[in-house]
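Order of the sequence lines sets the chain letters (A, B, ...), proteins ahead of strands, with each chain counted from 1.
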2 protein chains.
Amino acid sequence: MNTDVPRRGRPRDPERLKRVLEAAAQQFLEHGLERASVEAIAKASGVSKVTIYSYFPTKEALFEAAVASCTEEVFASIPRGALDPRDPENALTLIGKAFLQLKRSDKAVGTFRLMFAVTSQHAEACEAFYRQGPEELIHQVADYLRAAASAGSLSIRNADEAADQFLSLFLGSADIRVMLGLGKPKASEDARLIKANVDLFLRAYAK
Amino acid sequence: MNTDVPRRGRPRDPERLKRVLEAAAQQFLEHGLERASVEAIAKASGVSKVTIYSYFPTKEALFEAAVASCTEEVFASIPRGALDPRDPENALTLIGKAFLQLKRSDKAVGTFRLMFAVTSQHAEACEAFYRQGPEELIHQVADYLRAAASAGSLSIRNADEAADQFLSLFLGSADIRVMLGLGKPKASEDARLIKANVDLFLRAYAK
DNA sequence: TATTTACTGAACGGTCAAGTTAAGTATGAA
DNA sequence: TTCATACTTAACTTGACCGTTCAGTAAATA
């Protein structure tokens with residue numbers, strides 16, 4: 001991917017690259033790495049196949065670029081402020097809501113499926129995905145838990161471990177069913193799940 | 001797949017079918033549905049490709065048979081007896097151990113990856129996998145929790161929900177890393193995870 | 001205008017793999 | 001022994017798709 005700006009001649013159309021990446025992401029997420037064809041991505045983005053190959057040397061390179069842009073987008077949606085260290089019940093509920101909203105999105109579901117499927121061929125991409133995705137998320141939750149512990153709202157020794165536990169509570173049967181394409185829970189079921197998990201967590205880590 | 005026993009002529013060699021299914025499972029789990037070739041499965045099982053096509057009409061049919069036999073094998077390893085309703089700490093530790101042993105196995109990891117990758121093409125196989133796998137497991141844990149609640153060892157209102165929660169605690173960062181092929185935790189780390197999760201669960205559901 | 005670069009469309013080469021066919025061998029039942 | 005069925009080997013057909021080439025068009029700078 002050459003991003004240099006040449007001095008003369010027709011400049012690159014930045015819209016095209018954007019459309020290619022979007023279409024690539026859509027096709028890869030929906031069909032997987034092998035079943036998505038470059039031809040189809042070209043069609044879907046309204047760009048010629050040759051142009052795609054002028055952007056990326058191989059299908060694999062296009063795949064990695066598409067996945068990287070996906071990861072950013074998927075994990076960008078977690079609330080930073082508005083988490084009161086003195087009100088863990090409310091804060092954890094908000095975190096749970098945001099996490100489920102993310103984890104239920106087609107894009108996130110597709111990205112996880114995709115990454116799981118390409119571990120042997122794209123180990124580095126998986127590593128990057130983990131660090132920018134799940135790991136980052138756990139750190140953010142751990143930060144809140146440390147703040148809540150400092151504020152005396154919770155009794156937590158190992159915030160990273162606790163954050164991992166809290167988030168993992170949302171990866172049970174409902175998430176597995178979603179990942180298997182067996183249908184998403186109703187909003188009321190997810191609300192109930194959030195309440196049950198927050199309750200459990202607060203009982204275990206009460207002051 | 002015709003299982004009828006013909007009256008005359010050379011009988012089928014049952015060993016061959018077994019070897020084919022084993023080799024197919026191995027190849028599909030390692031390389032995925034698209035990247036595993038029928039030719040390679042034939043080679044690996046020491047059987048000719050034509051014979052495979054006499055057993056199964058298409059690669060897809062072979063895939064479904066292989067997956068079905070895998071699911072049985074993977075989820076057959078949970079301890080039934082020896083769970084004392086009066087000693088939840090010990091029982092939950094045993095359950096956690098067994099679950100992690102299962103979830104860390106190459107076969108289970110491969111099966112989950114595979115099923116996640118083929119949701120759109122093999123919806124029925126995914127449904128069957130969920131029912132015979134995760135759902136069944138949750139039911140078994142819920143049964144124990146009900147027994148423990150009846151014995152007065154735990155205070156649990158919704159055993160199915162609690163079982164789901166307990167098992168989901170093992171699907172956090174460590175499991176994600178394994179699923180992404182980033183390496184398995186050391187035995188000591190898993191032991192620590194089990195203890196942390198059992199402790200959390202007991203604190204939340206103490207009598 | 002001349003030149004340089006971006007892009008398109010269509011066609012093509014090469015590879016890989018699904019599934020088939022044919023000709024022949026092995027094995028067991030009648 | 002005869003014959004039906006299982007199995008193998010090897011070649012083949014078919015189709016998909018990656019990646020390239022080429023001839024031509026579009027859009028910018030000098």
Side-chain angles (χ1 to χ4, degrees), chain A residues 1-24 26-28 30-67 117-118 120-122, chain B residues 1-24 26-28 30-67 117-118 120-122:
Chain A
M1 188 67 231
N2 186 6
T3 51
D4 292 351
V5 178
R7 322 202 174 292
R8 311 186 25 173
R10 179 179 178 178
R12 275 208 175 147
D13 183 352
E15 282 303 308
R16 277 189 167 74
L17 176 57
K18 234 181 76 185
R19 263 153 48 205
V20 168
L21 283 177
E22 272 167 22
Q26 198 263 324
Q27 295 283 318
F28 285 135
E30 188 169 338
H31 303 294
L33 171 53
E34 343 273 345
R35 296 172 60 93
S37 80
V38 177
E39 194 74 51
I41 293 169
K43 274 262 165 53
S45 58
V47 156
S48 82
K49 192 170 66 159
V50 181
T51 297
I52 292 183
Y53 277 103
S54 83
Y55 291 157
F56 306 98
T58 64
K59 184 189 186 181
E60 306 285 309
L62 169 60
F63 174 79
E64 302 211 347
V67 155
V118 299
S120 52
Q121 312 145 59
H122 295 273
Chain B
M1 187 71 230
N2 185 7
T3 51
D4 291 351
V5 178
R7 320 200 177 293
R8 313 186 24 175
R10 179 179 178 178
R12 272 205 177 149
D13 183 351
E15 282 304 308
R16 276 189 166 75
L17 176 56
K18 233 181 75 184
R19 263 154 45 207
V20 168
L21 283 177
E22 273 167 21
Q26 198 263 323
Q27 295 282 318
F28 284 135
E30 189 169 337
H31 304 293
L33 171 53
E34 342 273 344
R35 296 173 61 92
S37 80
V38 177
E39 194 72 51
I41 293 169
K43 273 263 165 51
S45 58
V47 156
S48 81
K49 190 169 69 160
V50 181
T51 297
I52 293 183
Y53 277 102
S54 83
Y55 290 158
F56 306 97
T58 64
K59 185 188 186 182
E60 305 284 309
L62 169 59
F63 174 79
E64 302 211 346
V67 154
V118 299
S120 52
Q121 312 145 61
H122 295 273

For T51(B) and dC7(D), is the shortest distance between a side-chain N/O and OP1 or OP2 below 4.0 Å? no
Reading nucleotides 23-28 of chain D from 5' to 3' and marking B where a protein heavy atom lies under 4.0 Å of the base, S where only the sugar-phosphate is that close, and - otherwise, the string is ---BBB
Please name the pair of heavy atoms, one in Q27(B) and one in A40(B), separated by the smallest distance, quoted to 0.1 Å. OE1-CB, 3.9 Å
Does F63(A) have any ring-ring contact (aromatic ring centres under 6.0 Å, His included) partners at least two apart in sequence or in another chain, and if so, which? F28(A), H122(A)
On a heavy-atom basis, which atom in A24(B) and which in L62(B) lie closest, and how many Å separate them? CB-CD1, 3.9 Å
Going by the rule salt bridge (Lys or Arg N to Asp or Glu O under 4.0 Å), which residues pair with K59(B) if we only count those two or more places apart in sequence or in a different chain? none
Below 4.0 angstrom, which residues in residues 41-49 of chain A have at least one non-hydrogen atom near DNA chain D? K49(A)
Would you mind reading off the distance between Y55(A) atom OH and dG19(D) atom P, rounded to a whole angstrom? 18 Å
Kindly give the heavy-atom pair with the smallest separation between S54(A) and T51(A), and that separation in Å. OG-O, 2.7 Å
In chain order, what residues pass the salt bridge (Lys or Arg N to Asp or Glu O under 4.0 Å) check against E60(B), with sequence neighbours excluded? none
Which of these nucleotides, dC7(C), dC18(D), dG9(C), is closest to any side-chain atom of R12(A)? dC7(C)
dC7(C) phosphate, OP1 or OP2, under 4.0 Å from Y53(A) side-chain N/O: no
Minimum heavy-atom distance between A42(B) and S48(B), given as atom pair plus value: CB-C, 4.0 Å
Are any of R16(A)'s side-chain N or O atoms less than 4.0 Å away from OP1 or OP2 of dT8(C)? yes
Locate the shortest heavy-atom distance separating Y55(A) from D13(A); write the atom from each residue and the value. OH-O, 4.0 Å
Holding to side chain to side chain donor-acceptor pair (under 3.5 Å), I want the full list of residues that pass it with E34(B), two or more places apart in sequence or in another chain. none
Rounded to the Å, how far apart are E39(A) CD and dC12(C) C1'? 13 Å
Return the value, rounded to whole Å, for the distance between atom CD1 of I52(B) and atom C1' of dT20(C). 15 Å
Across the strands shown, which category fits V38(B) at heavy-atom distances under 4.0 angstrom: base, sugar-phosphate, nothing? sugar-phosphate
